[in-house]
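This report concerns only the one structure given below.
As a basis for the values below, the full set of heavy atoms in this structure was taken, side chains included, without hydrogen atoms, waters or symmetry mates.
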Amino acid sequence: MSANDPLQETKVPLLEDSVGKRDDSDRNFTTRFWIESKKMWYIVGPAIFSRVASYSMLVITQAFAGHLGDLELAAISIANNVIVGFDFGLLLGMASALETLCGQAFGAKKYHMLGVYMQRSWIVLFICCVLLLPLYLFASPVLKLLGQPKDVAELSGMVALWLIPLHFSFAFQFPLQRFLQSQLKTMVIAWVSLAALLVHIFVSWLFVYKMKLGVVGTAVTSNFSWWVLVFGHFGYVAWGGCPLTWSGFSIEAFSGLWEFVKLSAASGVMLCLENWYYRILILMTGNLQNAEIAVDALSICMTINGWEMMIPLAFFAGTGVRVANELGAGNGKGAKFATIVSVGTSIVIGLFFWLLIMLSHNELALIFSSSEAVLKAVNKLSILLAFTILLNSVQPVLSGVAVGSGWQSTVAYINLGCYYLIGVPLGFLMGWVFHQGVMGIWAGMIFGGTAIQTLILAIITMRCDWDKEAEKASSHVKKWAETM
């Protein structure tokens with residue numbers, strides 16, 4: 001290895017020869033599984049921590065709001081899960097284009113390309129944030145139009161206005177995280193996430209309990225913590241943390257933008273169709289009788305699901321990096337084996353949490369609410385929550401394979417068909433036509449949409465010609481190098 005190789009910078013001997021190395025036929029399955037697991041967990045472990053820390057900031061905000069009252073909890077839940085969640089899914093998906101580009105370029109040792117890719121992503125995502133700004137400015141009338149109760153819609157709209165700085169932080173934070181993740185700088189992401197979490201806890205205590213700023217105080221806290229993430233990650237990058245992949249701002253970031261926009265759009269559609277699916281579930285629930293309690297209960301379940309979802313999403317990230325690195329290096333068999341290890345490990349973890357939810361369903365909502373009606377409603381939904389968590393232990397990992405391989409456009413069509421042509425209509429049918437309420441809506445959308453989507457992705461992954469995918473990745477890296 002050359003002295004300038006970033007894999008050497010990570011000081012992890014395990015990874016120094018991991019990218020592009022062909023598997024020895026003499027190794028048995030157990031040995032190969034153990035070696036690949038160590039490579040995967042080097043990415044996934046810090047990714048779990050950083051994602052749990054980031055998501056915990058939203059959960060802490062929701063918990064503070066829940067103890068202010070049911071209306072405040074509903075307003076924060078709608079603002080976070082619908083307004084913020086809407087553009088969060090789109091921007092996160094668009095930033096995932098970097099997982100394909102940076103991951104494959106890193107595997108091909110085209111290190112200089114990563115910094116330009118990140119700057120292009122900043123430009124595209126910032127423009128997207130400007131275009132999405134009316135969603136925050138006119139949140140109240142939009143929520144009323146979607147059928148939310150007037151008091152909840154108005155308070156949610158006020159909260160949304162205070163969350164505009166959070167909205168713009170996504171344009172910089174998501175590309176920075178994927179830029180670092182693609183070159184295995186995962187511990188940096190974890191440490192910065194810890195700092196942001198500590199800031200969030202302190203500011204939440206200060207604004208809500210000391211300064212008595214109420215629901216506005218709970219909303220403002222998210223702005224502080226997410227910008228800590230942005231400045232922390234960028235500080236590391238700009239001050240010498242990535243000498244081979246960051247050489248400062250470049251005018252080259254403005255070249256080749258249209259091709260970058262197309263890949264980012266495909267990635268954004270792929271993930272946002274999935275992310276918005278659960279927001280639609282909450283919106284549909286808001287039109288039921290006794291909507292405030294139903295929304296509170298479902299939002300708590302979605303929050304718990306989202307908290308645990310940070311683990312499969314970390315596997316989504318780890319799988320995307322490992323598959324992209326191996327394909328970029330021309331090693332199709334290595335990409336295939338990384339997929340097998342990641343899916344198997346995530347399923348085992350999913351089974352553990354499924355059992356945990358089934359055994360502790362009575363105590364699930366205590367951290368968020370003391371309302372007896374809300375606690376009973378959450379208890380009823382706990383079985384669906386358990387099976388949702390189990391199903392979601394597979395689906396994000398398969399999506400990670402798609403991102404690492406550059407299949408975003410194909411998966412976007414699959415998501416559209418499964419979620420919106422099957423899942424949403426079935427949820428509506430179960431909820432209103434068969435009068436099953438929130439349980440019917442959720443069951444129809446999960447077992448009608450998510451399960452079918454997962455099955456299709458599994459079939460595509462199993463039938464994949466990995467050597468052919470490695471050839472495609474090599475040609476993609478050459479193509480993108482020519483645009484610089």
Side-chain angles (χ1 to χ4, degrees), residues 5-7 14-24 32-33 35-40 42-44 47 95-114 117 178-184 186 245 259-260 262-264 266-267 270-271 315-344 346 396-412 457-483:
D5 199 319
L7 286 177
L14 167 68
L15 292 171
E16 289 185 1
D17 298 315
S18 66
V19 177
K21 185 174 181 178
R22 304 280 175 177
D23 295 317
D24 293 331
R32 291 172 58 205
F33 192 96
I35 292 172
E36 178 59 41
S37 291
K38 288 193 288 184
K39 297 174 189 175
M40 185 71 68
Y42 179 74
I43 305 168
V44 170
S96 74
L98 289 181
E99 295 184 22
T100 305
L101 296 172
C102 290
Q104 292 185 359
F106 188 75
K109 302 188 185 300
K110 303 290 185 180
Y111 304 128
H112 61 286
M113 298 165 63
L114 276 70
Y117 288 162
R178 275 136 194 81
F179 170 77
L180 291 167
Q181 183 177 278
S182 295
Q183 51 192 307
L184 312 177
T186 50
T245 55
E259 290 297 322
F260 196 91
K262 289 194 289 185
L263 182 59
S264 294
S267 300
M270 172 188 150
L271 265 85
F315 276 92
F316 165 88
T319 307
V321 170
R322 289 290 302 127
V323 169
N325 285 170
E326 295 293 351
L327 290 179
N331 186 7
K333 291 181 179 178
K336 178 181 180 180
F337 196 72
T339 299
I340 294 170
V341 172
S342 185
V343 171
S346 187
V397 184
L398 296 177
S399 294
V401 177
V403 168
S405 305
W407 303 339
Q408 287 94 327
S409 297
T410 301
V411 178
L457 287 181
I459 292 171
I460 291 174
T461 302
M462 287 187 291
R463 297 181 63 182
C464 174
D465 183 339
W466 289 101
D467 290 331
K468 187 176 180 180
E469 291 299 321
E471 293 175 7
K472 287 181 182 178
S474 297
S475 65
H476 288 161
V477 171
K478 291 177 183 177
K479 175 185 175 182
W480 279 93
E482 291 172 359
T483 66

Problem - Residue pair Ala402 / Val411: nearest heavy atoms and the distance that separates them - result: CB-CG2, 3.6 Å
Problem - Closest approach of Leu98 to Tyr117 (non-hydrogen atoms, all atoms of both residues) - result: CD2-O, 3.5 Å
Ignoring hydrogens and angles, tell me if any N or O in the side chain of [X] forms a donor-acceptor pair with the backbone of [Y] under 3.5 Å.
X	Y	result
Ser346	Ser342	no
Thr100	Val403	yes
Thr186	Tyr42	yes

Exercise for the section: Indicate the ring-plane relationship of Phe33 and Phe337, choosing parallel, tilted or perpendicular according to the 30° and 60° boundaries. Expected result: perpendicular
Practice task
Salt-bridge test for Glu469 and Lys472: reply yes if a basic N is under 4.0 Å from a carboxylate O, no otherwise.
Solution key: yes
Exercise for the section: State whether Arg322 and Glu36 are salt-bridged, where the test is any N-O pair (Lys NZ or Arg NE/NH1/NH2 against Asp/Glu carboxylate O) under 4.0 Å. Expected result: yes
Would you mind reporting whether [Y] and [X] have side-chain heavy atoms less than 4.5 Å apart?
X	Y	result
Tyr111	Gln183	no
Leu184	Val321	yes
Ser405	Val323	yes

Distance from [X] atom [atom1] to [Y] atom [atom2], nearest 0.5 Å?
X	Y	atom1	atom2	result
Thr339	Met40	OG1	CE	7.5 Å
Phe179	Leu114	CZ	CG	6.0 Å
Phe106	Leu101	CZ	CG	15.0 Å

